2 protein chains.
Amino acid sequence: MPQEIPVPPWRRPKKAPPRMPLTQDRIVDTALGILDAEGLDALSMRRLAQELKTGHASLYAHVGNRDELLDLVFDLVLTEVEIPEPEPGRWAEQVKEMCRSLRRMFLSHRDLARIAIDRIPLGPNGIMGMERTLNLLRAGGLRDELAAYGGDLLSTFVTAEALEQSSRHSGAEQNREQAGMFADQLHGYLKSLPAAQFPNLVHLAGPITSLDSDRRFELGLEIIIAGLVAGAGDGVDDGVRTAGPTPAES
Amino acid sequence: MPQEIPVPPWRRPKKAPPRMPLTQDRIVDTALGILDAEGLDALSMRRLAQELKTGHASLYAHVGNRDELLDLVFDLVLTEVEIPEPEPGRWAEQVKEMCRSLRRMFLSHRDLARIAIDRIPLGPNGIMGMERTLNLLRAGGLRDELAAYGGDLLSTFVTAEALEQSSRHSGAEQNREQAGMFADQLHGYLKSLPAAQFPNLVHLAGPITSLDSDRRFELGLEIIIAGLVAGAGDGVDDGVRTAGPTPAES
DNA sequence: TCCATGAACGACCACCGTTCTATATTGGAA
DNA sequence: TTCCAATATAGAACGGTGGTCGTTCATGGA
């Protein structure tokens, strides 16, 4: 890195102040950068302030606290998720496309699933996403309750699956290699169990460990969508027998 | 509290040493106690050591580190989950019973879902549970891949749902009240959105906010089980068309 | 009785999030 | 142009965290 040379004070125009002011946007952008590069544990207020060349206490004038910062980061990346306008006859495929887009977003931002897993996206982009998601789900003819809950279930599924995938590659950065290592180790372990006591684990050691993340994801997606189109929950066994639409509001 | 009187050294039988030794079991039990009473954030090594009337450094002779301690706590509570032996003709109901038992476990131990969400239960009780779960799922006639993944999907679902429920009651202890408060606030907010821009959110404000945790859980359970019995994923659209059993191992 | 072993422990280390207070900077009014 | 009030900035400090290290000490075996 070249040595920093102080700028002579006489050539420094009035405009374009060299001291870029701290703004919430700049903080959130930088936070996302650290997250992508170094993960959630590295994203401390101090590390963030250092990146912004300021003191860590200064951040609190713009973001409230760390948790709120994570809210903002989450809402920011939500802009990357594409939720299609409904087209007739392509409902199931469009739902899958939406979930795949959400998954791509998670996989392209390290540890974001850890942030999202216990957060309800109520920022502006989150609300927009909910609206568009509901629009798509209802286009499939789902009754209100199922549309309302289906969106939750799908996004929870995608988040949890991304979380599992990223937590398997814990600690250091490793792409496919370490994941394969782990799968191999686990496979060996399961195969080594006493077959008399663990017949199913021994028998299924292959399928359990050979499912890669992509296959797991597609499989889960199909299961949930199949369950949704089956109109599950029409009659539940806890007393409520009728399937009529729930009253519009509580 | 009565004053502590030192025991005279002459009456102290050889057996039953009054100084209860630190063991891993005692540590894990105590950790679970703190977890139940005060939550995960309160479960620090120092707090735990204090409860055991010792120094926090002493714990590391028995548990490795905090993460491993949480592994052990997780495995311990897994003993509370009941996984039924398969009975003919009751498959779907038995799967539900298993999931409900798992959920009861989560709800009776504060913050346990937060511990479980990114952990693969590979302790002794976890392995036992996996075996019994696979045994039950396969009794339903699920093909290998679906049985192997179905268990994962179900447990992920139960955990995520428990996590959502417990994170809604964040911070202070609140049973139904605060949850209802939050739902009411959210309902009001959704209803207040501009209907032209957010027609679906406004229309579904009722169903979205009126679903209580129990109903959400049962609904999700039915969706997933319906998807499983539909044998989803027989033909997937990523090139693989045949549904033949995957090779026994990789 | 002596000693080796391993558990227990206090002092540290390098951090963390957050708050308080003092200072610097700035835009606008006089 | 000068001055002031409002605001942004940042340093110090607080009370915590998980984890390590070297030392002390009690206990069981020889």
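Here the structure is a predicted model, which is why all the values come from computation and not from measurement. Below, read A as the first sequence line, B as the second, and so on, with proteins coming before strands; counting in each chain starts at 1.
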Q. In residues 112-121 of chain B, what residues come within less than 4.0 Å of DNA chain D, judged by heavy atoms?
A. none
Q.
Can you pull out the residues from residues 56-66 of chain A that lie within a 4.0 Å heavy-atom distance of DNA chain C?
A. A/H56, A/A57, A/Y60, A/N65, A/R66
Q | Rounded distance (Å) that lies between atom C1' of C/dA8 and atom CZ of B/R26 | A | 13 Å
**Q.** Candidates B/M105, B/R104, B/M128 - the one meeting side-chain contact (heavy atoms from CB on, under 4.5 Å) with B/V81
**A.** B/M105
(Q) Using the side-chain hydrogen bond (donor to acceptor under 3.5 Å, both in side chains) criterion, which residues pair with A/H62? Sequence neighbours excluded. (A) none
Q) Taking CD from B/Q50 and C1' from D/dG16, how many angstroms apart are they, rounded to a whole number? A) 13 Å
Q. In chain order, what residues pass the side-chain hydrogen bond (donor to acceptor under 3.5 Å, both in side chains) check against A/R66, with sequence neighbours excluded?
A. none
Q: Return the set of residues passing side-chain hydrogen bond (donor to acceptor under 3.5 Å, both in side chains) with A/E51 (not counting sequence neighbours), or none when no residue passes.
A: A/R47
Q. Sequence neighbours excluded, which residues qualify as ring-ring contact (aromatic ring centres under 6.0 Å, His included) partners of A/F106?
A. none
(Q) Among residues at least two apart in sequence or on other chains, which ones pass salt bridge (Lys or Arg N to Asp or Glu O under 4.0 Å) with A/R46? (A) none
Q) Under the salt bridge (charged side-chain N to carboxylate O under 4.0 Å, His left out) rule, what pairs show up with a residue in residues 113-137 of chain B, not counting sequence neighbours? A) B/D41-B/R114, B/D67-B/R119, B/D71-B/R119, B/E85-B/R132, B/D111-B/R114
(Q) Per the salt bridge (charged side-chain N to carboxylate O under 4.0 Å, His left out) rule, what does the pair list look like for residues 149-160 of chain A, sequence neighbours excluded? (A) A/D152-B/R216
Q. Within this structure, what is the CG-to-C1' distance between A/L52 and D/dA8, rounded to whole angstrom?
A. 14 Å
Q | Within residues 31-49 of chain A, residues whose heavy atoms come under 4.0 Å of DNA chain D | A | A/R46
Q) Taking only residues two or more places apart in sequence, or in another chain, which ones meet B/E97 in a salt bridge (Lys or Arg N to Asp or Glu O under 4.0 Å)? A) B/R90
Q: Can you tell me the distance, in whole Å, between the CG atom of A/L22 and the C1' atom of C/dA24?
A: 15 Å
(Q) Applying side-chain hydrogen bond (donor to acceptor under 3.5 Å, both in side chains), can you list everything that pairs with B/D25, at least two apart in sequence or on another chain? (A) none
